[in-house]
4 protein chains.
Amino acid sequence: MTKPHPSRNRSRDPERTRAAILSAARAEFVEHGFTGARTGIIATKAEVPQGLIYHYFEGKQDLFDAVMEEVFAPYFDGMMAMLSGAQEVGPDLLEQAIRLYFHFLKENPHVPRLLAWWMANQGWKDKPLVHKRELGAELEVLGAQRIAEGQAAGFIRPELDPGFVVKTFVDICLMWHMSKGSHLLECGLVEGCEDRDLEYLEHAIEVFMRGIATSPPSS
Amino acid sequence: MTKPHPSRNRSRDPERTRAAILSAARAEFVEHGFTGARTGIIATKAEVPQGLIYHYFEGKQDLFDAVMEEVFAPYFDGMMAMLSGAQEVGPDLLEQAIRLYFHFLKENPHVPRLLAWWMANQGWKDKPLVHKRELGAELEVLGAQRIAEGQAAGFIRPELDPGFVVKTFVDICLMWHMSKGSHLLECGLVEGCEDRDLEYLEHAIEVFMRGIATSPPSS
Amino acid sequence: MTKPHPSRNRSRDPERTRAAILSAARAEFVEHGFTGARTGIIATKAEVPQGLIYHYFEGKQDLFDAVMEEVFAPYFDGMMAMLSGAQEVGPDLLEQAIRLYFHFLKENPHVPRLLAWWMANQGWKDKPLVHKRELGAELEVLGAQRIAEGQAAGFIRPELDPGFVVKTFVDICLMWHMSKGSHLLECGLVEGCEDRDLEYLEHAIEVFMRGIATSPPSS
Amino acid sequence: MTKPHPSRNRSRDPERTRAAILSAARAEFVEHGFTGARTGIIATKAEVPQGLIYHYFEGKQDLFDAVMEEVFAPYFDGMMAMLSGAQEVGPDLLEQAIRLYFHFLKENPHVPRLLAWWMANQGWKDKPLVHKRELGAELEVLGAQRIAEGQAAGFIRPELDPGFVVKTFVDICLMWHMSKGSHLLECGLVEGCEDRDLEYLEHAIEVFMRGIATSPPSS
DNA sequence: TATGAATGAGGGTTCATTCAT
DNA sequence: TATGAATGAACCCTCATTCAT
């Protein structure tokens, strides 16, 4: 009566399988957030049976955490490298940082998307964005430090709160990418040409750098 | 069939009931977003039987739309009034607009919360934020107009794209309130004192106004 | 706080109201059967508030019974009148009865429709079709009697069971109208011309009368 | 989330499970029709959790379709085989067909029951009775053809519409079994002895064959 | 490791019916 | 009588998760 094993495993490559699940999960979480994501759909997208997810991850939450980890590790690492790697602190460093950040978001669209979900869902309140490391805080400290150095060097007006400066520039870049596609304010969607991104970047740098500089650039 | 039941508190005040449901729904949507919100919990919070929700609203989606309408109507109305009401265009108008907007968000915390969910959920893509009116677009046009007037009057550097200027200032205010409570960047949470809000507002105005001004204020 | 009676009754004509409900109910039961019918829709169709139904009827079941009564009373009455009214029993009486029955069904399409629902739903098993009277049985007895008279008079073959004869002719007529519109066997739907009904009637009479006659009509 | 539960009898026999669901569904649909059937009761009868139904079927409708398919496939197949299989066309072929059909309905009581529901529910109007095949139409064509052959051979009166002849004989058999148990006309229920079925069959054949024959049998 | 059947707690929604006004 | 808000038990279906194979 008992049927002999009718099916065999296809890929038999744990590494690949895990990656497939993770990738499918990322897409699903990006699109629907944690609550809206369906493990069944993730399995389908990853072309694995539903149950297999639970061999690689402890559950939906764990899978989500893994996705966040995978997505934000390079984000934080890159930021750290960038901020800590520059030798000479000048106006250029900050400008470069902004550009780098902006382009990173542009090229990794899941980052702003997942951040948007993260921010919306205040349920996580006390959970750090990335599980293992407390890079968020570190990053900010480092960024603020660099700003402070800029202030000491006379490029940046000393009365500004370094933390605020960092937040302002991060927020402007982030918001541009997070609000893409939502009809919140239509700005930038009008023409539909991709260069709007870069145009906005230039605008933001213009305004922002001038806003924090000690003296207006002769430009 | 389905012999009904002994009743308890037939309150008999439709106006009140509807408001209770709407209010409970707002809280639930704010906390969990559309997908995560549970009609059962809304009913419990509103102290009505679950079925009654469907007497007042066509379904979860309709309820959500009603909440959005209710929340954003004053938002758009206030913005419009403010922007269109000012006679003389000077640097003060813009500054006042920023302050007004910032305080509105501060005093109506569901607005940034719901906006955060809205932005995260790109599924709505082609749905205007508020059902009946297309105020979002109107607002931006009006704001941009005012900026252009400022440029014509010589207060604002003419090479800036008015739409971008509006977006920058909106985003800075919005992001501050949206990111409250999420451990994204810890900025502003450190002390926990409420004045951080106002401090940041002053900072933002400082930087932003200087960034867009034609000549640096003598400060 | 308590609102003064904001609405007045419109029609204030109990007779009319009852009739409206009954009529709407009939349409709804015809279309969806007892289980599928919705009291809410009946109320809407009748343009009365939901609750009003319960002033006129005890509930859905009672309403259904009332509809059945109203629909089948003329059915049974007419049959009785026809069968009992004829004086002379000849082949014509039976043929006329068939014609009458067939046309009655044709002109009162809810009858076959409700009968179809009734037959499908064996849950009623022990409930007579019409509440108050036991006309079904009476009718058959009377019909069978007339057949027996016909047998005695030599028009109808004596070896036939009179009850069967009645049933056969009733069933043929009934089935024609009950199966209208269902793609069971497409017969009769082909041309779509209404005369198919009458053509079939002639066919049925032809076959049936010949089938029960003692000697084939010279035709 | 939703930590699952201790399990009991994981039976692990998909074939069997599917069959159990289908069988329970058939019983439920027979008894209450599509609208009146409850998936919960089906699950209970089949001794499976309610959710499992949706592993095998897409929904109630799909389940219903599967039941119809399963029930009517043999019906149509048998009819086709019978009608197409006979070599010599004589009066016997038709008589045999009637007997076969009648006995099929007698031994497969769900067929008339489901047909009754189907006929009652005109909502399906444009849906063929059985999903995949259009056998209904084919069947009638074939049946009509056979009748026409009988007319050509001189057994059946040529002025009769073959389609009508088929319908008449199908309807008589069907109606007998469909009306069983409903107190429409009490005929045949009086004695309660099972032979009434066969008695009626003989009656029907007698009347019907005589009614369509070219010349009355010498009997 | 892989597979997909099995599990049962809700999820949103409907509905007949009651009742205050 | 008339009105429509109120009630709560189902109903169909979904879903994260477990487990036999």
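Heavy atoms only: backbone and side chains are in, while hydrogens, waters and symmetry mates are out. The chains referred to below are lettered A, B, ... by the order of the sequence lines, with proteins before strands, and numbering in each begins at 1.
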Which nucleotide sits closest to the side chain of His55(B): dG4(F), dA16(F), dA2(F)? dG4(F)
Qualifying residues under side-chain hydrogen bond (donor to acceptor under 3.5 Å, both in side chains), relative to His55(D), sequence neighbours excluded: none
Answer with base, sugar-phosphate or nothing: what part of the nucleic acid does Pro14(D) contact at a heavy-atom distance below 4.0 Å? sugar-phosphate
Using the side-chain heavy atoms of Tyr56(D), tell me which of these nucleotides is nearest: dC12(F), dT1(E), dA5(E). dA5(E)
Rounded to the nearest angstrom, tell me the gap between atom CZ in Phe57(D) and atom P in dA6(E). 12 Å
Residues in side-chain hydrogen bond (donor to acceptor under 3.5 Å, both in side chains) contact with Lys45(C), at least two apart in sequence or another chain: Glu28(C)
Of Leu52(D) and Gly51(C), the one whose closest DNA chain E nucleotide lies more 5': Leu52(D)
Residues forming a side-chain hydrogen bond (donor to acceptor under 3.5 Å, both in side chains) with Thr39(B), sequence neighbours excluded: Gln50(B)
Taking the side chain of Thr17(C) as heavy atoms from C-beta outward, which of dG4(E), dG4(F), dA2(F) is closest to it? dA2(F)
Expressed as a whole number of angstroms, how long is the span from Ile53(D):CD1 to dG8(E):P? 14 Å
Side chain to side chain contact (heavy atoms under 4.5 Å, CB included) involving Glu58(D) - partner list, sequence neighbours excluded: Asp62(D)
Please compare Pro49(B) and Gly59(A) by the position of their nearest nucleotide in DNA chain F and report the one closer to 5'. Pro49(B)
Set of side-chain hydrogen bond (donor to acceptor under 3.5 Å, both in side chains) partners for Arg26(D), sequence neighbours left out: His110(D)
Under 4.0 Å between a side-chain N or O of Tyr54(A) and OP1 or OP2 of dT17(F)? yes
What residues, two or more places apart in sequence or in another chain, satisfy ring pair (Phe, Tyr, Trp, His ring centres under 6.0 Å) together with Phe64(D)? Phe29(D), Phe34(D), Trp124(D)
Taking the side chain as everything from C-beta on, heavy atoms only, tell me whether Leu115(B) gets closer than 4.5 Å to Phe72(B). yes
From C-beta outward on Arg12(B), which listed nucleotide comes closest to its side chain: dA2(F), dA2(E), dT21(E)? dT21(E)
Please identify each residue that fulfils side chain to side chain contact (heavy atoms under 4.5 Å, CB included) with Glu47(A), with sequence neighbours left out. none
Taking atom C1' of dT18(E) as reference, at what distance in whole Å does atom NZ of Lys60(C) sit? 17 Å
Positions of residues 26-44 of chain B (non-hydrogen atom under 4.0 Å from DNA chain F), listed by number: none
For a stem of at least 3 consecutive Watson-Crick or G-U pairs with distances under 3.5 Å, i pairing with j, i+1 with j-1 and so on, which stems involve DNA chain F? E:2-21 with F:2-21
Between atom CD1 of Ile42(D) and atom CG of Leu22(D), what is the distance when rounded to the nearest 0.5 Å? 9.5 Å
What integer distance in Å separates Glu15(D):CD from dT21(F):C1'? 16 Å
Closest to the 5' end of DNA chain E, once Gln50(D) and Glu58(C) are matched to their nearest nucleotides, is Gln50(D)
Ile21(D) atom CD1 is separated from dA5(E) atom P, nearest whole Å, by 11 Å
Using whole Å, report how far CD of Gln61(B) lies from C1' of dT13(E). 15 Å
Taking every heavy atom of Met68(C) against every heavy atom of Trp118(C), the minimum-distance pair comes out as CE-CE3, 3.4 Å
Just how far, in rounded Å, is P of dG8(E) from CD of Glu47(D)? 13 Å
For Arg16(B) and dT21(E), what is the distance between atoms CZ and P respectively, to the nearest whole Å? 13 Å
